[in-house]
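As structure tokens, the structure follows; a few thoughts come after it.
Hydrogens, waters and symmetry mates are skipped; everything else that's a heavy atom, side chains included, is used.
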Amino acid sequence: MPTQTQQTTGPAAQQQGTHHFVLTLQMPQPERGYITATFTSTVTPGPGETRADVYEVLREQITRAHPHLERANVMFFSLERNQL
């Protein structure tokens, strides 16, 4: 699953930098409890993209790769600069 929302080399992309995300989804399973899945990686937002934009792109990519999670509830989402 690609985790880069846009490939750019301009100054705006350099300002955004690489971000680390964690996204946890949970889906009820009749008579079997729940499926919980956590996805984590890095993403480089495109110029002008917001946290909400990145969330929507990640959610779309994840559910495209895992269609059974399309209607899953978001239990946790974090997006932060990937630096110490």
Side-chain angles (χ1 to χ4, degrees):
M1 161 180 72
T3 58
Q4 213 159 14
T5 58
Q6 247 182 39
Q7 296 254 355
T8 63
T9 56
Q14 292 171 354
Q15 288 176 347
Q16 285 269 13
T18 300
H19 291 63
H20 176 260
F21 74 87
V22 178
L23 177 60
T24 300
L25 302 174
Q26 187 177 66
M27 183 82 174
Q29 295 296 300
E31 300 182 28
R32 294 188 298 186
Y34 293 89
I35 291 177
T36 304
T38 297
F39 301 88
T40 181
S41 189
T42 58
V43 61
T44 301
E49 283 189 321
T50 65
R51 181 181 306 266
D53 295 333
V54 173
Y55 166 80
E56 291 296 328
V57 169
L58 292 172
R59 184 75 194 255
E60 181 183 328
Q61 289 178 352
I62 288 169
T63 56
R64 191 177 316 124
H66 305 277
H68 63 284
L69 294 174
E70 185 174 6
R71 297 181 334 147
N73 297 311
V74 176
M75 302 301 291
F76 181 79
F77 175 67
S78 175
L79 177 70
E80 298 181 20
R81 292 190 72 98
N82 192 26
Q83 58 184 211
L84 296 174

request  = Verify, without hydrogens or angle tests, whether Glu56 (side chain) and Asp53 (backbone) share a donor-acceptor contact under 3.5 angstrom.
outcome  = no

query = What are the two closest non-hydrogen atoms of Glu70 and Thr63, and how far apart are they?
reply = CA-CG2, 3.6 Å

Heavy-atom pair with the smallest gap, counting every atom of Arg71 and Met27 = C-SD, 3.7 Å

Less than 4.5 Å apart, any side-chain heavy atom of [X] and any of [Y]?
| X | Y | value |
| --- | --- | --- |
| Leu79 | Val43 | yes |
| Thr36 | Thr24 | yes |
| Ser78 | Phe76 | yes |
| Asn73 | Leu25 | no |

request  = Show your working on side-chain contact (heavy atoms from CB on, under 4.5 Å) between Val22 and His20 and close with a plain yes or no.
outcome  = CA-CA 7 Å; Val22 178; His20 176 260; 3.5 Å; yes

message = Under 3.5 Å, is there a donor on one side chain and an acceptor on the other for His19 and Thr44?
response = no

Hydrophobic clustering (ILVMFWY, side-chain heavy atoms < 4.5 Å, transitive) - are [Y] and [X] grouped together?
| X | Y | result |
| --- | --- | --- |
| Phe77 | Ile35 | yes |
| Phe21 | Val74 | yes |
| Met75 | Tyr55 | no |

query = Hey, mind stepping through Leu23 and Thr38 against side-chain contact (heavy atoms from CB on, under 4.5 Å) and telling me if it holds?
reply = CA-CA 6 Å; Leu23 177 60; Thr38 297; over 6 Å; no

inquiry  = Nearest 0.5 angstrom please: Leu69 CG to Arg64 CZ, how far?
reply    = 14.0 Å

